[in-house]
Visitor: 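Let me give you the structure first, and then I'll get to my questions.
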Amino acid sequence: MSEYKFQEIEQRWQEEWQRTDAYKTSNGSKKPKYYVLDMFPYPSGAGLHVGHPLGYIASDIFSRYKRLRGFNVLHPMGFDAYGLPAEQYAIQTGQHPEKTTTVNIARYREQLGKIGLGYDWSRAVKTCDPDYYHWTQWAFIEMFNHYYDNRTDKALPIANLEKHLAQHGTEGLDAACTTELNLTAEQWNAMSVKEKSDTLMNYRLAYLADTKVNWCPALGTVLANDEVVNGLSERGGHPVEQRIMRQWCLRVSAYSQRLLDGLERIDWSDSIKDSQRNWIGRSEGAEMHFMAKDIDITIFTTRADTVFGVTFMVLAPESKYVSMLTTEEQHAEVEQYLEQVRHRTELERIADKKVTGVFTGSYATNPLTGKNIPIYVSNYVLSGYGTGAIMAVPAHDSRDYAFAKHFNLPIIPLIEGADVSEQSFDAKEGIMINSPMKTDAADGQDRLVLNGLSVKEAIAKTKEYITAKGIGRVKVNYRLRDAIFSRQRYWGEPFPVYYKQDEQGESYPVMLPEECLPLALPDVDKFLPTADGQPPLGNAKQWAWDEVNHKVVNNSLIDHKTVFPLELCTMPGFAGSSAYYLRYMDPHNDRELVSREADEYWQQVDLYLGGREHATGHLIYSRFWNKFLFDLGLVCKDEPFAKLINQGMIQGRTNYAYRIVGTNKYVSLGLKDQYETQPIRVNVNIVHNDILDIDAFRNWMPEFKDAEFILEDGNYVCGYAVEKMSKTFYNVVNPDDIVEHYGADTLRLYEMFLGPIEQSKPWDTNGIDGVHRFLKRLWSMYDNITDTEPNADELKSLHKLIKKVTQDIEGFSFNTSIPAFMICQNELTQAKCAKRAILEPLLVVLSPFAPHIAEELWHQLGHNTSVLDAQWPEWNEAYLVESKVKYPVSFNGKVRFTLEVAADTEAAEIERLALNDPQAQNWLAGKQVKKVIVVPKRIVNIVI
RNA sequence: GCUCCGGUGGUGGAAUCGGUAGACACGAGGGACUUAAAAUCCCUUGGCCUCACGGCUGUGCGGGUUCAAGUCCCGCCCGGAGUACCA
């Protein structure tokens, strides 16, 4: 019996596949296409751990399956090469991030290759490659040159807008914008270059604006909302504070509704669609106008029905109304409050739920009751949502309630039975009362009366009323904010932007001509910000744009006439990852992002695999970016990813040893309660099945050199806990080690066997031997192959397997295929079967999971073409069926039979077969059959 | 708080449309081979009762629908994930 030499087999086939370009995909093919994509990794210095390949293995299985099914499969891989760790490393060591990144990428490719993942590396992209970011910069320029037209619901050239403004001003314009403008054509035409530039910024899809940003002092850069978690930076966990800065932004919010609607048409998990819906945060409500003397304060509310319970108003500290409404007497107090708010970091704001606020001194008139109500400023109102001003209804909003209690403001309940003595009644249900209130002036005509209506009816009626009276209008609001696109970092895509000055010396941005792209990232001697606080690109000496000669020149030549300074910020991480899936379709095209032919051939990603942590980041930005390119007519699908699967995270399984306090003695898990112990994390790589390798432990670190042990049954048993996989917990398992020990095929099978792909689970090698044994047994089956015709049992076993595996792969539940292989193998071993007609198709269905062993055995069976190009076998239902009664069970006066019959057998036929079966008749002997119930799945219940 | 997902043996997890609950694997126990060990193979393995045949019970808890419920419905408990002054 020959030995299963997996190392030799795997190395040989990996080299062979590489030599023959086995995974190269062509764009022109008569076969139907299928595009499988993994979220490309950031190549970190730590290399891959066993958690990373989970999704890659799954997508690899799926691509191989699709290929065997006759599809032309695109399965590329690349690298999201810009990122903070390489830059932080550069700051510490002076090593150029490009160098670090190149080394890390080489390491990743080697590791991925060892797992036998079949990527077409000729299509690989990396985001830091100028040939790649050429198209990131290009897309940015296009966004700058477009605005969003709400009428046609698409992006249009900014030139159209300029023409409109020149002819009609803002009259008749319905475009996504930062603030609603009211301009006449004359006003527009009279503007200076700089003024026009500023005005257009209000509409451009990529625009420069002073915005409140998340500033992270430790990282020296701003962060997008999705990069801030609980007031700390996602990377590094540093505190983040609010600052007003001039930044490039993308008008993602213009696409809110389309991003929402698109979710209906794509096959993503409910949970991730839900996250996106939540993040976009559509809410239907009403805008209403409250007058404070001659100042019109517009508010947004979803509870128009509660307008009779408004007892005060609140403005966000950043609201433009604050300065307009603050009275002389209140001025000092308001200023002090604003100052206090300004100095708080995001984290402090989240942690501190204390009610704060200040009275402006002004009053507004409730447009429905005519009553005067005080206007406050408080940071519980956000400037970025709605209009930055609210009508406060303390009886029915918990935040307003807390504020009213604190400042002793009246609380008027508006819903029958609502007890508001202790807390507000926030539920949107009940019958309205006090609307209008008894104290309201009775003008007798056309008044809004809500009493007796349900909340829902009252909202509708109020909206109708305020619209008719011109007090307000129906309005939809979105929580989704525009993406801040500038980062004060070195290691990112440079903006293709330079700054000119007008006659007054005011600067405004100008895009580089598209034919001058890519604008390459310049060299710097230091990766830190400059002494005067400029971003790291401020250190570059060659960073000025010669407008005449179209080239980057030395900064000393800047004269603001023909040579201008270039933008010092770089783009954020999501810039490069937003359209990379398009580039794989046509990676070497130097004239466009993707050719029309390539785009029309590949269309969109059919299957996308990645972690769910990108739900509100990358997966929103990509959809936005793609929709924009779709509007421009450059891509043919308005959604980038037809189907999305989120693989779960593999957590670490940390092993613990228990040191007896104050000694260098360690007690086994089962005995530890007899001592006072202190748990110590042990390197998982010196523990097998929770049993510690004592010699390895002594050699692990000097402090354990003389360690003594109290054993149970001759072994030292470790405890365990599930934690994040991390170097500091000594629980990182490197896939290379597993590959060396068990082989790539075992690793692949085992990762799939661990559980459902979408579920997070700890890495636990305790079961890996079982999977490895399966492969060894399988290997030994191929020692004696005969050409004998298979019998019915063998065919049934094989076809059961084909059916199961086919359905599993289609349904993406690979974990249940592994048992199917084991069962089949078990059945065949019992049948002493080594028949070619059985084992050949078996190899084909196994090959996506364990490609190396399948390829080796395939060749041993005499094939001289790769198993990659075999044909996926179809199962034959006829082999699976025998008509016989199984499992007669009696209970509660019934006899139940399961019949194995063909799937399309009629109910009457099933009943006949059941009653005529000899085994069934034996059971029914001497009993009166009262009723026969035939239910789906060929189950027969006979009531006696 | 809100939204979503989940709760099945000692463990990871199976169970398609409501139809034999616990597949498969690990672990554990027993056995074969071996001087011995490793490797390999075989048997047992939810709980309770029984020499056995077999029976009872059992999918977080309490109800319900159904010939039939891990699965569907109602009400709880517990765990996980996401999100949060979003008016």
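The sequence lines fix the lettering, A, B, ..., with proteins before strands; numbering per chain opens at 1.
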Visitor: Base, sugar-phosphate or nothing for A:Ile390? Non-hydrogen atoms, less than 4.0 Å.
Guide: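 Here A:Ile390 touches the bases of the nucleic acid.
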Visitor: Rounded to whole Å, how long is the line connecting atom CG of A:Asn646 with atom P of B:G82?
Guide: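 These atoms are roughly 12 Å apart.
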Visitor: Rounded to the nearest Å, what distance is computed from the CG atom of residue A:Leu775 to the C1' atom of nucleotide B:U40?
Guide: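 Atom-to-atom, A:Leu775 to B:U40, this comes out as 16 Å.
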Visitor: Would you indicate what A:Ser283 reaches in the nucleic acid, counting non-hydrogen atoms under 4.0 angstrom: base, sugar-phosphate, or nothing?
Guide: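 The residue A:Ser283 makes sugar-phosphate contact but no base contact.
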Visitor: To the side chain of A:Arg399, which of B:C85, B:C4, B:A14 is closest?
Guide: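 Per side-chain heavy atoms of A:Arg399, the pick is B:C85.
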Visitor: When all nucleic acid strands are considered with a 4.0 Å heavy-atom cut-off, which category describes A:Pro756: base, sugar-phosphate, or nothing?
Guide: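 If one applies the 4.0 Å heavy-atom cut-off, A:Pro756 turns out to touch the sugar-phosphate alone, with no base involved.
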Visitor: Determine whether A:Ile299 and A:Met313 make a side-chain contact, defined as any pair of heavy atoms from C-beta on separated by less than 4.5 Å.
Guide: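 The answer is yes; the side chains approach within 4.5 Å.
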Visitor: Should we count CG of A:Asn826 as having more than 12 external heavy atoms under 6.0 Å?
Guide: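 Counting neighbours around CG of A:Asn826, more than 12 heavy atoms of other residues, nucleotides or ligands fall under 6.0 Å, so yes.
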Visitor: What's A:Arg481 touching, base or sugar-phosphate or nothing? Going by heavy atoms closer than 4.0 Å.
Guide: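 Base, at least one base atom sits under 4.0 Å.
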Visitor: Among all residues two or more places apart in sequence or in another chain, which pass the side-chain contact (heavy atoms from CB on, under 4.5 Å) test with A:Ala395?
Guide: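 Only A:Ile411, A:Val420 meet the side-chain contact (heavy atoms from CB on, under 4.5 Å) criterion with A:Ala395.
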Visitor: For B:C24 and B:U57, measure between their C1' atoms and round to the nearest Å.
Guide: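 Nearest-Å result for B:C24 against B:U57 at atom C1': 25 Å.
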Visitor: Any side-chain heavy atom of A:Phe312 within less than 4.5 Å of one from A:Pro374?
Guide: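 They are in side-chain contact.
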Visitor: Could you give the CD-to-C1' distance, from A:Gln651 to B:G80, as a whole number of Å?
Guide: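 It works out to 10 Å between those atoms.
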Visitor: Rounded to whole Å, how long is the line connecting atom CZ of A:Arg612 with atom P of B:U3?
Guide: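 Taking CZ of A:Arg612 and P of B:U3, I get 16 Å after rounding.
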Visitor: Rounding to the closest angstrom, what is the interatomic distance between B:G58 and B:G9 at atom C1'?
Guide: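 So the two C1' atoms sit 10 Å from each other.
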Visitor: Quick one: what's the B/S/- string for nucleotides 24-29 of chain B, heavy-atom cutoff under 4.0 Å, read 5' to 3'?
Guide: BSSS--
Visitor: Short question: side chain of A:Thr829, backbone of A:Gln825 - any donor-acceptor pair under 3.5 Å?
Guide: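 Yes; at least one donor-acceptor contact below 3.5 Å.
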Visitor: So, taking the atom named NZ in A:Lys456 and the one named NZ in A:Lys428, what distance separates them when rounded to the nearest 0.5 Å?
Guide: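 The NZ atom of A:Lys456 sits 11.0 Å away from the NZ atom of A:Lys428.
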Visitor: Rounded to whole angstroms, how far apart are CD1 on A:Ile272 and C1' on B:G82?
Guide: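 My rounded result for the distance is 10 Å.
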Visitor: Distance check needed: B:C85 C1' versus A:Leu315 CG, whole Å only.
Guide: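 Answer to the nearest Å: 16 Å.
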Visitor: Using atom C1' in both nucleotides, what's the gap between B:G75 and B:A81 to the nearest angstrom?
Guide: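 Those two atoms are separated by 24 Å.
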Visitor: Taking CD from A:Gln759 and C1' from B:C4, how many angstroms apart are they, rounded to a whole number?
Guide: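 Atom-to-atom, A:Gln759 to B:C4, this comes out as 15 Å.
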Visitor: Compare the minimum distances between each of B:U40, B:A87, B:A15 and the side chain of A:Lys776, then state the nucleotide with the smallest one.
Guide: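 The nucleotide sitting nearest to the side chain is B:U40.
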Visitor: Regarding A:Asp274, tell me which of base, sugar-phosphate or nothing describes its non-hydrogen contacts under 4.0 Å with the strands shown.
Guide: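 Counting heavy atoms under 4.0 Å across all strands, the contact made by A:Asp274 is with sugar-phosphate only.
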Visitor: What integer number of Å spans the P atoms of B:U71 and B:G54?
Guide: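 To the nearest whole Å, 29 Å.
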Visitor: Could you work out the separation of B:G80 and B:G30 based on their P atoms and round it to a whole Å?
Guide: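 It works out to 38 Å between them.
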Visitor: Exactly one of A:Thr765, A:Asp769, A:Leu747, A:Leu775 should register a side chain to side chain contact (heavy atoms under 4.5 Å, CB included) with A:Tyr742. Which one does?
Guide: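 Exactly one option meets the side chain to side chain contact (heavy atoms under 4.5 Å, CB included) with A:Tyr742, and it is A:Asp769.
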Visitor: Is A:Val314 touching bases, backbone alone, or none of the nucleic acid, heavy atoms closer than 4.0 Å?
Guide: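 The answer is nothing, as A:Val314 stays clear of every strand by at least 4.0 Å.
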Visitor: Looking only at the side chain of A:Asn278 (C-beta and beyond, no hydrogens), which of the listed nucleotides B:C86, B:U83, B:U40 gets closest?
Guide: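 Among the listed nucleotides, the one closest to the side chain of A:Asn278 is B:U83.
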Visitor: Output the rounded distance in Å from CD (A:Gln807) to P (B:C17).
Guide: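 Whole-Å distance recorded here is 11 Å.
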Visitor: Taking the C1' atom of each, how far is B:A36 from B:U45, in whole Å?
Guide: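 The answer is 29 Å between these two C1' atoms.
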Visitor: Any sub-3.5 Å donor-acceptor pair from A:Arg479's side-chain atoms to A:Ile280's backbone N or O?
Guide: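 Not confirmed, A:Arg479 side chain does not pair with A:Ile280 backbone.
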Visitor: Please list all pairs passing the side-chain hydrogen bond (donor to acceptor under 3.5 Å, both in side chains) test where one or both residues lie in residues 748-762 of chain A, with sequence neighbours left out.
Guide: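 Found A:Asp60-A:Arg748.
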Visitor: For B:A87, does OP1 or OP2 lie under 4.0 Å from any side-chain N or O of A:Tyr380?
Guide: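 So the side chain of A:Tyr380 is outside the cut-off, no N or O lying under 4.0 Å from OP1 or OP2 of B:A87.
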Visitor: Does A:Lys761 make a side-chain N or O approach to OP1 or OP2 of B:G13 shorter than 4.0 Å?
Guide: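 Answer no for this pair, as no side-chain N or O of A:Lys761 is under 4.0 Å from OP1 or OP2.
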